[in-house]
Q: 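My questions all concern the structure below.
Lettering follows sequence order; numbering is per chain, from 1.
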4 protein chains.
Amino acid sequence: MMLTMARLTQAHVDARTGDILAAAVALFASRGIEKTTMADVAAEAGISTGAIYRYFPGKEALLAAVFEREMRDSAAQFERAAEASGMGLAALFQVGEKVTSTGDSQDCALWLEVELASLRDPEGIGGRQRDVHDAIRANIQTLVAASQGSGEIDASMDAEALSTLLFAVARGLQLETAETGNGPRSREALDLLGRLLRLSGEHGLPPA
Amino acid sequence: MMLTMARLTQAHVDARTGDILAAAVALFASRGIEKTTMADVAAEAGISTGAIYRYFPGKEALLAAVFEREMRDSAAQFERAAEASGMGLAALFQVGEKVTSTGDSQDCALWLEVELASLRDPEGIGGRQRDVHDAIRANIQTLVAASQGSGEIDASMDAEALSTLLFAVARGLQLETAETGNGPRSREALDLLGRLLRLSGEHGLPPA
Amino acid sequence: MMLTMARLTQAHVDARTGDILAAAVALFASRGIEKTTMADVAAEAGISTGAIYRYFPGKEALLAAVFEREMRDSAAQFERAAEASGMGLAALFQVGEKVTSTGDSQDCALWLEVELASLRDPEGIGGRQRDVHDAIRANIQTLVAASQGSGEIDASMDAEALSTLLFAVARGLQLETAETGNGPRSREALDLLGRLLRLSGEHGLPPA
Amino acid sequence: MMLTMARLTQAHVDARTGDILAAAVALFASRGIEKTTMADVAAEAGISTGAIYRYFPGKEALLAAVFEREMRDSAAQFERAAEASGMGLAALFQVGEKVTSTGDSQDCALWLEVELASLRDPEGIGGRQRDVHDAIRANIQTLVAASQGSGEIDASMDAEALSTLLFAVARGLQLETAETGNGPRSREALDLLGRLLRLSGEHGLPPA
DNA sequence: GATGAATGAGCGTTCATTCAT
DNA sequence: GATGAATGAACGCTCATTCAT
């Protein structure tokens, strides 16, 4: 009986924590962090103002959890897209397309909040974010290496530089899409980059 | 009774306005907008709390001025870099390098604040920002067209798509540089893109 | 989770609202509206500064409630006095005496604040006050008509003009009493008016 | 030369003082005392913000001067009306009519501000106001006595009680007129009182 | 003497956090 | 454990007053 209770309680706690996080994510993204009150989050999560402090010790901790979740989601998005798409250049660009096409301005806003927090706290969340970004870049680099191995793109290109470029393009276009809503334009830019890379596979890239 | 004061006044007002703007830019960038109080800005500008309201009617107006200045600076940065660099592909990448290499995390933070504000107020500041970005992209497109005209890059490429790509790369790498401080890596990514583009000039881009 | 609180809540809210209103009435009357801070009211009501905003959305709303209460009290005072006094001329003057004799300078100050607010906002509170005054005058007119019906005062007198006169006397003497504290003098003036009216019942009023 | 300067200066000071007072009267009456800033008054008077402090040591002193002026004006209005109207009952009611018919809500507002201030500071301005009111009542009493002497109204009536009544009526009707704008109704009420008084002259007032 | 920019205390209001129920 | 009323520090802003020019 104790065990059943405990398990239920833990599940309950997890569920509530998830509700609160989801509420916080939604509100922090749409209204902004400072314009969202703890009472707002509690109401959105369907609990009382005070109850939120049983799950998070304060707004800062809640924010940290939201940021952590946002970063995890970002990384997971890349990972899932990569896993689902095989290993060729086409796969790489399917990833890019998926990432780019989610021009949800809410997601983007939260992402920007994380970027801002990282800039302002390079040791804390900034460090964590660098890890996440490194992981993503490593992921990209794996796909790049595979494309180089198959000869689709020039094998002499610096895989790190290329993955940096691709990551930058992904971030830049995501921002672009969120701001303008012009998804097709971003896709065309991405296609263009793909064709340039294929060209490198065909003719080889001349030295710098 | 007007003349005695008048000579000092306009210069004085401009100077104070500039002081306040500079203080606001510094604090909004480093601490964040909501965590910066009007008293903070005033203190940083070397004036009293109340005095700030002679120059800006309120925090919102101050913020708008800061944003406007940030956007103007962004556009001017591109414009100046373009003007100083001639018209070839090399010029284009000198622009990119300049933009990318300023990995000042303060500038970047303010830029991100503008992006966030734009996402949350698409009609207001968002509209203004789209105009600024369109102007920048148009600038880039001019350089692209010149490079296509000289045969340095494939003339069949969609100039709009390419300028979108280049703008995205610039933004993505600027973020990257600000976050990691790794300027050389960004420069390598940029070089890689330059070589890909030159390759298109030599061999022509195959159809999509 | 509703039931445990619910029973207390409404009573509690009403009690607190009443406390706050009473505190506001006392302070607005004695210090003046603008010299009374929300913190003053809260302290007088025995709650914290912030708590007051759970009961009233702001100072303006609190003021409106105080004014409404003041006007209701004014009207009720007349009404109760009228109900308690029957219908003759004597009744009319008992009403007058009651109204006049309450030379409480606090009540009077609040009443004057309402008058001032009405003068400055004729559409808003001014309109509400005119309604209240019309109701009071109608009340007086009923008593006047009864006195005319019984022959105590001249039936040919314009009942509206007479009630206007009586209302003006009441207001003028209330002010007088509050200012000088000289209740007996006001009562003598009122008696004199009563005798003049009785004279009209005995001899009839000559035409204008 | 000193004398000329001095006289001019004194005249200048008086003129400026008058300008400021007039500006303050206008603004205190229309906007209210607390909503009128010293800068508002200065601007309305055509001088600089700081200059006002050469003529009045502070807002409180300015307010006191405004109140003093308002009270003097009130008394003077009665006095002038009385002087211009001779000594009979008709004169009395011409005075009443003049006082009552000025249903200017601005004047009234300022008068109410004085009343309020008197209620709140019975020792200070309240005492001064009682003196002024006593003077006015004495004035009225003179007219009353004259009317009693001529037999127009019953000579047995207590002149003090009657003048209190008349003063109260004047104040009540002035308020009424300012609030409703219904001057004719006030005049009818006044006429009615006049006829009641004349009736006392014809038939004599029975004892209380 | 006049000016009006500057000062800074103080106001109305909000909200993260606590705690009696 | 949950509730939501209460707290009070802190914010944006105003304005009476001062004082360098």
Side-chain angles (χ1 to χ4, degrees), chain A residues 9 12-13 16 34-43 46-62, chain B residues 1-9 12-13 16 34-43 46-62, chain C residues 1-9 12-13 16 34-43 46-62, chain D residues 9 12-13 16 34-43 46-62:
Chain A
T9 297
H12 193 244
V13 165
R16 282 278 185 263
E34 309 290 340
K35 303 225 160 184
T36 300
T37 69
M38 290 298 270
D40 289 339
V41 175
I47 60 175
S48 69
T49 306
I52 211 169
Y53 288 88
R54 290 208 170 273
Y55 301 92
F56 297 92
K59 195 179 188 181
E60 202 161 336
L62 176 57
Chain B
M1 76 201 201
M2 274 280 143
L3 288 177
T4 31
M5 285 278 121
R7 232 168 313 159
L8 281 180
T9 293
H12 198 239
V13 165
R16 282 277 189 264
E34 311 287 342
K35 301 231 163 192
T36 301
T37 70
M38 290 300 269
D40 289 339
V41 175
I47 60 177
S48 71
T49 306
I52 211 169
Y53 291 90
R54 271 189 188 281
Y55 301 92
F56 296 92
K59 194 178 188 183
E60 202 164 337
L62 177 56
Chain C
M1 70 202 201
M2 273 281 142
L3 287 177
T4 30
M5 286 277 124
R7 235 170 310 162
L8 281 180
T9 293
H12 197 240
V13 165
R16 281 277 189 262
E34 311 287 340
K35 301 229 164 196
T36 301
T37 70
M38 290 298 270
D40 289 339
V41 175
I47 60 178
S48 72
T49 306
I52 212 169
Y53 290 89
R54 267 185 193 285
Y55 301 93
F56 295 92
K59 194 179 188 182
E60 200 163 338
L62 177 57
Chain D
T9 296
H12 193 243
V13 165
R16 282 278 185 265
E34 309 289 340
K35 303 224 160 186
T36 301
T37 70
M38 291 299 270
D40 288 339
V41 176
I47 61 175
S48 69
T49 307
I52 211 168
Y53 288 88
R54 290 207 170 271
Y55 301 92
F56 297 92
K59 194 177 188 182
E60 205 162 335
L62 176 56

Q: Between E:dG10 atom P and C:K35 atom NZ, what is the distance in whole Å?
A: 13 Å

Q: If you take all heavy atoms of B:S48 and B:A42, which pair is closest and at what distance?
A: O-CB, 3.4 Å

Q: Using whole Å, report how far CD of B:E34 lies from P of E:dC15.
A: 10 Å

Q: For DNA chain F, which residues of residues 51-59 of chain A approach it to below 4.0 angstrom with any heavy atom?
A: A:A51, A:R54, A:Y55

Q: Please figure out whether B:M38 or C:S48 has its closest DNA chain F nucleotide nearer the 5' end.
A: C:S48

Q: Check whether any side-chain N or O of B:R16 sits under 4.0 Å from OP1 or OP2 of E:dA6, and answer yes or no.
A: yes

Q: Given that B:G50 and C:I47 both sit by DNA chain F, which one's nearest nucleotide is further toward the 5' end?
A: C:I47

Q: Where does DNA chain F form stems of at least three consecutive Watson-Crick or G-U wobble pairs, each pair having both distances below 3.5 Å?
A: E:2-21 with F:2-21

Q: Under 3.5 Å, sequence neighbours excluded: what are the donor-acceptor pairs made by side chains of residues 52-62 of chain B?
A:
residue	atom	partner	partner atom	Å
B:K59	NZ	B:I33	O	3.0
B:K59	NZ	B:T36	O	2.8

Q: Under 4.0 angstrom, heavy atoms only, what part of the nucleic acid is C:T37 near: base, sugar-phosphate, or nothing?
A: sugar-phosphate

Q: Output the single nucleotide from E:dA5, F:dA5, E:dT13 whose closest atom is nearest the side chain of A:T49.
A: F:dA5

Q: Residues two or more places apart in sequence or in another chain: which of them pass side-chain contact (heavy atoms from CB on, under 4.5 Å) with D:T37?
A: D:A39, D:D40

Q: Atom CD of C:E60 and atom C1' of E:dT13: how far apart are they, to the nearest Å?
A: 14 Å

